[in-house]
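For the single chain, residues carry numbers from 1 onward in sequence order.
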Amino acid sequence: MNSRRDKRFHARKAERLKQIASLREGGRLSEALATARRLAKANAGHADVHNALGLVLQRLGRFREATVAFRHALSLHSGLADIHYNLARALHQSGALEDAEASFRAALVLSPNDVEILSGCAICNMQMHRTERAIAYAEQAARLAPNDLEVRLVQVRTLIAGDRPEMALESACMLVEAAPDNPIYLTVCGQASLAAGDTRTARQHLEAARQIKPDDAHILSLLGRVNIAEGNVEAARANFRQAISIRPEMAALYADLASLGGEGLEPADADRLRGILDTGDASVVDGAELHLALAAMHRAWGNLKEGFAHTLRGNALKRQLFDYDVNVAIRDMEGAAKACDASFVSRLAGAGSRSQRPIFVVGMPRSGTTLVEQILANHDDVHGAGELMLLPRLIRASQAEAPEGMRTARFYTDLSAGRADALAASYLAELDSLCPDLSRVVDKLPGNYLYLGFIAACFPEATIVECRRDPLDTCLSCFETNFTHGHAYTYDMGELGRYYQAYDRLMRHWHEIFPNRIHIVQYEKLVAESESTTACLLAACGLSWQDACLEFHRASRPVFTASASQVRRPLYRASVGRAQQLEDQLAPLAAALTTA
């Protein structure tokens with residue numbers, strides 16, 4: 001009898017669950033919710049019923065209530081991967097990224113080959129700026145389901161976030177080839193092309209996507225960034241303004257618009273963003289973007305102190321998204337200096353290449369590296385290649401695994417003359433494929449300062465330029481920049497100060513063991529004495545004087561860094577000594593820069 005009763009009970013429950021699912025999928029959400037609540041009340045001890053309630057709440061956009069239902073379901077039965085996955089999605093939709101990632105991982109333990117769960121892990125880690133982890137999850141999913149286009153889409157997005165544009169573009173092109181009229185695939189292919197430095201192809205894909213979805217704010221924002229890269233400021237401003245009219249709550253659009261100056265921004269824009277913050281409903285991710293957008297707007301209007309107050313709040317939130325330890329980076333720099341001593345230089349004597357083709361421009365972010373590249377690239381014999389990830393990629397591919405904080409030291413310790421020859425040859429071959437025509441190529445990756453031991457020893461005829469700027473101005477500019485990729489040390493003043501000190505010690509070491517090999521361009525001197533400083537720079541590179549180098553702001557070449565809009569203007573003094581205007585606010589940073 002009991003068995004028969006149990007069967008009837010489970011049959012009725014299954015019928016009710018099926019009804020709830022049908023109502024939910026049919027969009028009759030009020031009925032679905034009422035039915036799910038009644039069933040949950042009558043079957044309080046059944047995990048599948050509370051899971052069904054959570055799914056309805058999730059569809060209604062009531063994500064926090066949905067997480068309560070899913071957690072209750074898991075308290076009754078913790079061994080169901082589907083419920084862990086549903087909880088992870090609800091947490092992700094509510095902006096609780098750390099908890100969402102933990103729930104995705106719990107689901108993955110129970111179902112390790114589920115590509116949707118792997119993709120969820122990838123997306124969460126990408127949004128928390130844990131890009132290496134995100135790429136690993138996405139690649140695992142892609143291996144399991146190589147023909148699943150949505151899995152491939154996640155992989156492309158993680159590769160873009162991880163600053164691997166060439167790999168991203170290869171996968172993105174496969175998406176467009178498989179579904180040429182899919183606006184999402186066209187958009188991500190445009191984004192990957194932009195990240196790879198190809199604005200023409202980026203525009204083609206984005207315009208094709210716009211034909212299909214003319215009112216998509218994301219497509220318009222990317223077109224705006226293409227226009228910024230190409231120097232079309234008014235067109236970019238129009239793109240961002242149109243995108244804001246479609247998605248007025250999208251904070252990044254206001255920051256993009258503010259990067260072009262105060263024109264086009266309205267007080268109502270700031271009121272709108274403050275209104276969103278005042279609701280108290282913004283997630284950590286959204287809160288960070290809202291504050292940083294308000295900071296950019298106030299800076300554009302000249303309200304430096306109010307802007308800095310928003311920078312502080314936004315950076316404190318953004319810092320929560322990074323799984324980062326500045327001590328690892330500091331150990332890496334200290335290890336590089338220790339490994340590159342006089343014996344290292346002797347060991348590699350005669351290795352590498354005597355090519356004069358590369359011009360390496362290094363320095364802290366926001367120290368003037370983009371400006372120096374733009375000046376050089378206006379010379380008839382020079383190609384500006386931008387921030388090439390070429391050297392770090394070749395080094396990464398050639399070295400054995402090493403613990404964090406020891407990777408660069410291990411590279412130098414293991415580097416033999418034969419391996420140095422191969423690396424130098426590979427580097428030059430790829431440089432030739434990028435620009436076969438001009439005699440000199442600028443590699444302006446600021447972070448190549450880690451590899452100056454290799455560069456100076458193995459490219460003895462290449463030019464190395466270090467960009468220097470007042471430390472407090474440099475760090476303030478870093479602190480106020482909402483970087484697209486990496487630079488986690490810039491969101492906390494204490495960490496930023498310690499990082500800068502480690503950078504400064506490493507550069508002093510390079511100057512000591514490679515005397516007279518590194519030409520310094522001091523930003524303040526370049527602004528005050530542009531002609532003489534430019535003449536010295538050209539002479540250090542072995543280039544003849546050309547007046548066009550002083551007209552760098554008229555160059556038509558695309559620029560992709562955070563300074564893209566600034567280098568479209570003639571040299572200006574407003575950025576020199578700007579930290580003095582925020583002396584009180586920057587006291588923690590000043591202290592970190594002077595602490596031994």
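Counting non-hydrogen atoms of other residues, nucleotides and ligands closer than 6.0 Å to CD of E170 gives a total of 12 or fewer. Within a 6.0 Å radius of CZ in R16, no more than 12 heavy atoms belonging to other residues, nucleotides or ligands are found.
A donor-acceptor contact shorter than 3.5 Å is absent between the side chain of N51 and the backbone of A47. The backbone N or O of A40 lies less than 3.5 Å from no partner atom in the side chain of H46, so there is not a single donor-acceptor pair. Proximity of a side-chain donor or acceptor of N315 to a complementary backbone N or O of F479 within less than 3.5 Å is detected. In this structure, the side chain of D332 does not engage the main chain of V328 through any donor-acceptor pair within 3.5 Å. A side-chain donor-acceptor contact under 3.5 Å links R152 to the backbone of P146. Proximity of a side-chain donor or acceptor of H84 to a complementary backbone N or O of G79 within less than 3.5 Å is not detected. For the pair Y254 (side chain) and F240 (backbone), a donor-acceptor distance under 3.5 Å is absent. Without hydrogens or angle criteria, D148 side chain to V151 main chain gives a donor-acceptor distance under 3.5 Å.
Of all heavy-atom pairs between A288 and L317, the closest is N-CD1, 3.6 Å. For I20 against A32, the heavy-atom pair with the smallest separation is O-CB, 4.1 Å. Between L169 and C189, the shortest heavy-atom distance links the atoms CD1-O, 4.0 Å. Nearest heavy atoms, P214 versus L220: O-CD1, 4.4 Å. The heavy-atom pair separating T67 from A90 by the smallest distance is CG2-CB, 3.7 Å. When every heavy atom of T187 is checked against every heavy atom of A209, the shortest pair comes out as OG1-CB, 3.5 Å.
Contact check for L23 versus L29: no side-chain heavy atoms found under the 4.5 Å cut-off. For the pair V109 and R105, the minimum side-chain heavy-atom distance is 4.5 Å or more. At a threshold of 4.5 Å between non-hydrogen side-chain atoms, the residues V156 and I160 count as touching. Proximity of L194 to Q191: side-chain heavy atoms (C-beta onward) are nowhere separated by under 4.5 Å. Side-chain contact between T490 and T481: absent, with no pair of heavy atoms (C-beta onward) separated by less than 4.5 Å. Between L110 and L80, the closest side-chain pair of non-hydrogen atoms is not below 4.5 Å. V226 places a side-chain heavy atom less than 4.5 Å from the side chain of T199. Contact of the T311 side chain with the R299 side chain is registered, since non-hydrogen atoms from C-beta on lie closer than 4.5 Å.
Listed by chain and residue number, V233, E234, L257, L260, E263 satisfy the side chain to side chain contact (heavy atoms under 4.5 Å, CB included) test with R237 (two or more places apart in sequence, or in another chain). With sequence neighbours excluded, the residues forming a side-chain hydrogen bond (donor to acceptor under 3.5 Å, both in side chains) with T201 are D198, listed by chain and number. Shown here are the side-chain hydrogen bond (donor to acceptor under 3.5 Å, both in side chains) partners of Y185, two or more places apart in sequence or in another chain: E150. Taking the side chain to side chain contact (heavy atoms under 4.5 Å, CB included) definition, one finds that D286 meets it with A282, S283, sequence neighbours left out. Looking at residues two or more places apart in sequence or on another chain, you find a side chain to side chain contact (heavy atoms under 4.5 Å, CB included) between R37 and L33, L53, L57, R62, E65. In this structure, the ring-ring contact (aromatic ring centres under 6.0 Å, His included) partners of Y489, at least two apart in sequence or on a different chain, are H487, Y499. Legend: residues meeting side chain to side chain contact (heavy atoms under 4.5 Å, CB included) with Q211, ordered by chain and number and at least two apart, are absent. Under the salt bridge (Lys or Arg N to Asp or Glu O under 4.0 Å) criterion, E249 pairs with R247, sequence neighbours left out. Every residue two or more places apart in sequence or in another chain that forms a ring-ring contact (aromatic ring centres under 6.0 Å, His included) with H298 is listed here: W301, H310. When the side-chain hydrogen bond (donor to acceptor under 3.5 Å, both in side chains) test is applied to S119, no partner is found at least two apart in sequence or on another chain. With sequence neighbours excluded, no residue forms a side-chain hydrogen bond (donor to acceptor under 3.5 Å, both in side chains) with N113.
Once rounded to the nearest 0.5 Å, the distance linking CE of M493 with CG of L476 reads 9.5 Å. Distance check: F63 CZ to R89 CZ gives 9.0 Å after rounding to the nearest 0.5 Å. Between F70 atom CZ and S103 atom OG the span is 10.5 Å, to the nearest 0.5 Å. Taken to the nearest 0.5 Å, the CD atom of E31 stands 8.5 Å off from the CD atom of Q19. Summarising the geometry, atom CG belonging to L118 is positioned 11.0 Å from atom CD1 belonging to I123; distances are rounded to the nearest 0.5 Å. To the nearest 0.5 angstrom, I135 atom CD1 is 7.0 Å from M167 atom CE.
Between D269 and R241 a salt bridge is recorded (basic side-chain N to carboxylate O distance below 4.0 Å). Here E132 pairs with R164 in a salt bridge; the nearest charged N to carboxylate O distance falls below 4.0 Å.
For residues 142-164, the set of pairs meeting the ring-ring contact (aromatic ring centres under 6.0 Å, His included) definition, not counting sequence neighbours, is empty.
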Exercise. Give the intermediate values and the outcome of side chain to side chain contact (heavy atoms under 4.5 Å, CB included) for residues L294 and R313.
Key: CA-CA 11 Å; L294 282 164; R313 295 189 196 109; over 6 Å; no
Practice problem: For L74 and R71, run side chain to side chain contact (heavy atoms under 4.5 Å, CB included): C-alpha distance rounded to whole Å, both residues' side-chain angles, the deciding distance at 0.1 Å, then the answer. | Solution: CA-CA 5 Å; L74 287 169; R71 287 190 195 282; 5.7 Å; no
Practice problem: In sequence, state the C-alpha distance, the side-chain angles, and the governing distance for H92 and E101, and then conclude on side chain to side chain contact (heavy atoms under 4.5 Å, CB included). | Solution: CA-CA 8 Å; H92 180 257; E101 200 261 350; over 6 Å; no
Exercise. Just do the side chain to side chain contact (heavy atoms under 4.5 Å, CB included) check on H50 and L76 with the steps written out, would you?
Key: CA-CA 9 Å; H50 291 282; L76 298 167; 3.8 Å; yes
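Between R225 and N239, the side chains place no donor N or O within less than 3.5 Å of an acceptor N or O (distance only, hydrogens not considered).
Aromatic ring pairs are classed by plane angle as parallel below 30°, tilted from 30° to 60° and perpendicular above 60°; the pair Y491 and F322 is parallel.
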